[in-house]
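What follows is a single structure, written as structure tokens, with notes after it.
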Amino acid sequence: MPRAGLTTERLVRAGAELADEVGFDQVTVSALARRFDVKVASLYSHLRNSQDLRTRIALLALEELADRAADALAGRAGKDALAAYADVLRDYARDHPGRYAAARLRLDPETAAASAGVRHAQMTRALLRGYDLAEPDQTHAVRLLGSVFHGYISLELAGGFSHSAPDASETWTWVLDRLDTLLRGVPTP
């Protein structure tokens with residue numbers, strides 16, 4: 001019988017909070033059980049194992065990010081959309097570093113297809129409509145943006161830009177300006 005007050009949703013949210021506190025790679029069913037001061041076995045009526053917990057946290061993070069991005073992109077196009085989307089990712093990573101790491105978890109194809117990751121891909125392609133890119137340039141641009149955004153954010157979170165001037169925020173703006181210029185300069189077929 002499930003322990004009173006414990007639900008899968010509550011456990012996943014607590015796991016997400018734990019990820020933000022100690023790092024996503026440290027999240028396990030055992031660590032979650034310690035957080036609730038219960039035996040590990042009492043969580044198995046809600047979660048199959050630590051991988052199931054981590055996958056559920058990843059799905060939660062993808063959903064939260066997609067909701068924030070959709071709100072930020074509403075009514076925007078071109079550089080405004082590019083900057084809004086990028087800023088959502090960066091702000092989310094700062095506010096929720098463990099969840100941000102979770103959103104990068106490799107999901108099996110069926111889970112990925114049913115996740116909010118699909119919404120992310122759709123939003124990225126939607127913001128690229130302002131640049132009038134044809135295929136395969138659009139797919140190249142999706143990969144470029146993902147690489148630049150996630151690479152920059154990961155390096156910044158690790159403290160990679162904290163030891164020199166200019167400030168990382170100034171560089172972030174410079175990067176977004178250059179991406180906008182690059183995307184505008186892609187020739188149409």
Side-chain angles (χ1 to χ4, degrees), residues 16 19-20 23-25 54-55 57-162 164-189:
D20 289 338
F24 183 60
D25 57 335
R54 292 166 55 84
T55 298
I57 294 169
L59 295 172
L60 171 68
L62 287 168
E63 190 72 36
E64 289 176 343
L65 262 170
D67 290 346
R68 288 182 184 199
D71 288 345
L73 287 171
R76 297 177 190 256
K79 185 179 175 189
D80 278 348
L82 176 71
Y85 186 72
D87 287 344
V88 163
L89 295 174
R90 187 172 181 229
D91 292 345
Y92 188 82
R94 289 172 162 177
D95 295 342
H96 302 290
R99 293 178 208 202
Y100 182 78
R104 310 276 51 90
L105 182 69
R106 183 181 181 106
L107 301 172
D108 66 75
E110 184 178 320
T111 303
S115 77
V118 174
R119 286 176 58 204
H120 288 277
Q122 291 168 339
M123 284 185 277
T124 305
R125 287 189 183 275
L127 80 84
L128 287 171
R129 281 189 211 117
Y131 295 99
D132 197 29
L133 300 174
E135 285 298 345
D137 289 332
Q138 190 178 89
T139 297
H140 296 320
V142 168
R143 293 173 180 169
L144 171 70
L145 294 180
S147 299
V148 171
F149 296 157
H150 299 303
Y152 191 96
I153 290 166
S154 296
L155 289 169
E156 185 178 28
L157 286 176
F161 305 136
S162 61
S164 62
D167 182 72
S169 292
E170 186 178 330
T171 302
W172 180 251
T173 300
W174 184 91
V175 167
L176 295 177
D177 288 344
R178 295 318 169 272
L179 285 171
D180 176 64
T181 300
L182 173 70
L183 293 171
R184 287 186 191 289
V186 175
T188 55

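Residue numbers count from 1 along this sequence. Any value given below was found using the heavy atoms of this structure, including those in side chains, with hydrogens, waters and symmetry copies removed. Note that the structure is predicted; figures quoted are calculated from it, not measured.
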**Fill in**
Smallest heavy-atom separation, Arg184 atom then Gly78 atom, equals NH2-CA, 4.2 Å
**Message:** Less than 4.5 Å apart, side chain to side chain, heavy atoms only: is that true for Leu105 and Ile57?
**Reply:** no
**Message:** Looking at every heavy atom in both Gly98 and Phe24, which two are closest together, and how far apart are they?
**Reply:** O-CB, 3.5 Å
**Asked** Does atom CZ of Arg143 have more than 12 heavy-atom neighbours from other groups under 6.0 Å away?
**Response** no
**Message:** Under 6.0 Å from the ring centre and within 45 degrees of the ring axis: does the NZ or CZ of Arg90 meet both conditions for the six-membered ring of Phe149?
**Reply:** no
**Asked** Out of curiosity, Tyr131 OH to Asp180 CG, how far, rounded to the nearest 0.5 Å?
**Response** 3.5 Å
**Message:** Rounded at 0.5 Å granularity, tell me how far OG1 in Thr139 sits from CG in Leu144.
**Reply:** 12.5 Å
**Request:** Nearest 0.5 Å please: distance from the CZ atom of Arg119 over to the CG atom of Leu62.
**Result:** 10.0 Å
**Request:** Return each pair, listed once, that meets side-chain hydrogen bond (donor to acceptor under 3.5 Å, both in side chains) where at least one residue sits in residues 144-155; pairs must be two or more places apart or across chains.
**Result:** Tyr100-His150
**Request:** State, to 0.1 Å, how close Arg76 and Ala84 come at their nearest heavy-atom pair, and which atoms those are.
**Result:** CD-CB, 3.6 Å
**Prompt:** Roughly how far, to the nearest 0.5 Å, is CG of Leu128 from CG of Asp137?
**Reply:** 10.5 Å
**Prompt:** Taking Thr55 as the fixed residue, which of Leu107, Asp108, Leu60 is the one that meets the side chain to side chain contact (heavy atoms under 4.5 Å, CB included) rule?
**Reply:** Leu107
**Request:** Work out which heavy atom in Ala58 is nearest to a heavy atom in Ala102; give both atom names and the distance.
**Result:** CB-O, 3.1 Å
**Message:** Tell me the closest heavy-atom pair linking His120 and Leu65, and the distance in Å.
**Reply:** CE1-CB, 3.4 Å
**Request:** Could you pull out the closest heavy-atom pair between Ala66 and Met123, with the gap in Å?
**Result:** O-CE, 3.5 Å
**Request:** State, yes or no, whether a side-chain contact exists between Leu145 and Leu82 at a heavy-atom distance under 4.5 Å.
**Result:** yes
**Asked** Run the side chain to side chain contact (heavy atoms under 4.5 Å, CB included) check on Asp95 and Arg68 step by step: do they pass?
**Response** CA-CA 13 Å; Asp95 295 342; Arg68 288 182 184 199; 4.0 Å; yes
**From CZ (Arg94) to CD1 (Ile153), nearest 0.5 Å** = 9.0 Å
**Message:** Nearest 0.5 Å, please: how far is CG in Leu127 from CG in Leu183?
**Reply:** 8.5 Å
